[in-house]
Amino acid sequence: MTKPAENGMAEASASAILGQNAGPLSRAIGRLRGHSFAVANLLMAPTMLWLLLFLALPLGVILVYSFGGRGTYGDVIYGFSFDNYSRAFSPLWLPVILRSFGFAAIATLLTLAMGYPLAYFIAVYGGRRKNIYLILVMVPFWTSYLIRTYSWIVILRSQGVVNTLLQWANIIDQPLDLLNTPFSVILGLTYGFLPFMTLPLYASLEKLDKSLIEAAWDLGASRIWALLTVTIPLSIPGIIAGTLLVFIPAVGDFVTPDLLGGPDTLMIGNVIQQQFLAARDWAYGSALSFSLMAILLLGIFFYVRKVGTENLA
Amino acid sequence: MNDATPSTIEQSEDCAIRLEGVTKRFGDFTAVERIDLRIRRGEFFSLLGPSGCGKTTTLRMIAGFEEPSEGAILLDGVDVARLPPYRRNVNTVFQNYALFPHLNVEKNVGFGLKRKKLPKHEIAARVSDALRMVELGDRATYKPDQLSGGMQQRVALARALVNLPSVLLLDEPLGALDLKLRRQMQLELKHIHENVGITFIYVTHDQEEALTMSDRIAVMNMGTVEQVGSPEELYESPKSRFVAGFIGTSNFIESVVTWNATEGTISLGDGERVIIEVPEDGSRPGSVELSVRPEKIRLRESGEEVQSGQCMLRGTVRDVVYLGMTTQYSLHIPSLDRVFNVLEQNVEIASDQTLWVTGEEAYLTWHPSHNRMLPTSGA
Ligand SMILES: Nc1ncnc2c1ncn2[C@@H]1O[C@H](COP(=O)(O)OP(=O)(O)O)[C@@H](O)[C@H]1O
Ligand SMILES: [Mg+2]
């Protein structure tokens, strides 16, 4: 980006003018900054303390565990070895990890496909009923995730709602195997995480200046084209937030595959859970957790860099 | 609306756009009521009226963002009232500019042309022409938020004009600019209008802006068009009390008239009189409502100075505002129990002469031809 000469000159003269006052001015700004910085620190202190106690500390514990080993009675023997990590990256878990990412990715795409139109509708056409719609989006949170997932069993099992209806309508003879399949797990994940997608999408679509969409139409863009070239690019922050909020917990989820899954739906969350509970190998479980976190962090870093700069550039 | 066919045929007058009986209701509320407008090709046409009178709604119906509840909008002779905005050859300059924040200036301006699937080099050429026209040739790669309000305004203008629409719609485009920049942009807009020859429909609530820029103006009030005319027509011959009061200021007189063969007179006793010429249609209404512009009235020290054929009222000076070239007085007229505004040119004021002062008695006089008879509110 080359700046025109006149502008450069204007800037130069502006800084010359400012330069005369630089001493007292910058000192004043410095004082102001220092002041507001202190206030900000004070305001953040409770949160910082909370995060330190309940996030950083447990993570530190797990990090320490992950280099240790398992004692005879399932206790942790502290040490410093990378054994757990080499086991964590063993080819044994590759299909499980791939499946976890695959299921989570499909669920993320499905929540995006459903959440975007929903959020768009509420933001653009919600009018005075916006808050009611938003509450409806959040209503599932009023029940425990466990209970909501259980209710899918009632819906999907062979004598469940869906199969009974389909048989009654003579569409099928034998009940379909809906439960304990990849289908049911992805469905459960999609259902469970939909609000996490919808709310950030809503937040960014709500902020979007509606006259920009009208401007696009005005300049000859059809509805679909305006969506692709204006609405979606401008809601990318919401898309990033939503996909991360769905994808990350979905990858590590173990409740949904546990309740709705079967023998061929084992996810990495189940494996970690098993290490901590059934196998009582906390050191190995810790190493698996940390490895998953590292992979996710790396992935997020590249994802945000790629999507965040695309179109916005 | 049913007789759309005959009116389409008599289209021979070169109209860029015609509104026929256009009405817009929001629920029970009628924002625009049975508007008829004919806007000539290449004209600078303004919709002028107070806030809430339906200007934006009218413009949005022409742009296609709102569908009329009734009526037809003929663009180049074709009814487009029910077409979506992207199927009309009309472009809008939005009040808040509505520039795409994620696209740079060049891509903003090229947005419409890209949709028309023009070859890349042609888009580039036309975009750079348009940017040069608004003197932003060197800002092509800037993002909108790196530009000042005035520059954003010009990008919005270039983005609309580059598509060479049949009609360009501007909704209070200068509303967000400070006064000085506004004045400058008014002239620039007028200039650009003359150069491109595109029909402009300009919405404003600022009568001065409308008067300086427009070829013709439609004065709107409460969802209806009160009067359409050139700035001079609207100022010199307002057809309603609303127009007389909204465009400039006016003094109003309502009274009973006695007519003789040649003229009517409102007699107020003690030599005070308002003389009314017989209207062109020869009618002699029993009571009338008149308006007189402040600058048509002279102030005299005594009734004897006033010629016999002139209107004359007696008043007491209430306020004096010295404006340099002119002085603005307000005078209370006891016989009408009303305050009149008078604007005197300061040409005759020499160092030895003084202005009128508060409390002084003065005679107001003007020629009967300056009286404008308004339709009485009942009619
Ligand atoms: N979408 C809408 N729903 C309901 N009322 C509206 C809507 N748009 C405009 N109005 C009403 O119509 C009237 C005219 O509005 P508008 O055309 O914006 O006036 P102006 O541009 O002359 O200030 C106003 O009273 C406004 O409140
Ligand atoms: Mg408006």
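Predicted, not measured: the structure shown is a model, and the values here were computed from it. Chain letters run A, B, ... following the sequence lines, proteins first, then strands; residues in each count from 1.
Remark: B:H205 pairs with no residue by the ring pair (Phe, Tyr, Trp, His ring centres under 6.0 Å) rule, at least two apart or across chains.
Within the 4.5 angstrom heavy-atom criterion, atoms from both the backbone and the side chain of B:R159 approach chain A. Neither the backbone nor the side chain of B:N89 has a heavy atom closer than 4.5 Å to any heavy atom of chain A. Heavy atoms of B:F100 lying under 4.5 Å from chain A belong to its backbone as well as its side chain.
Annotation: B:K114, atom NZ; neighbour count of heavy atoms from other residues, nucleotides and ligands within 6.0 Å does not exceed 12. Within 6.0 Å of CZ in B:R82 there are more than 12 heavy atoms belonging to other residues, nucleotides or ligands.
Residues of residues 214-222 of chain A having a heavy atom under 4.5 Å from any heavy atom of chain B, listed by number: A:E214, A:A215, A:A216, A:W217, A:D218, A:L219, A:G220, A:A221, A:S222. Contacts of residues 115-142 of chain A with chain B at a heavy-atom distance below 4.5 Å are absent; not one residue qualifies. For a heavy-atom cut-off of 4.5 Å, chain B lies close to A:D209, A:S211 in residues 195-211 of chain A.
The residue among B:N163, B:L113, B:N96, B:L169 with the most heavy atom pairs within less than 4.5 Å of chain A is B:N96.
We find the OG1-NE2 distance between A:T229 and B:H102 to be 6.5 Å, quoted to the nearest 0.5 Å.
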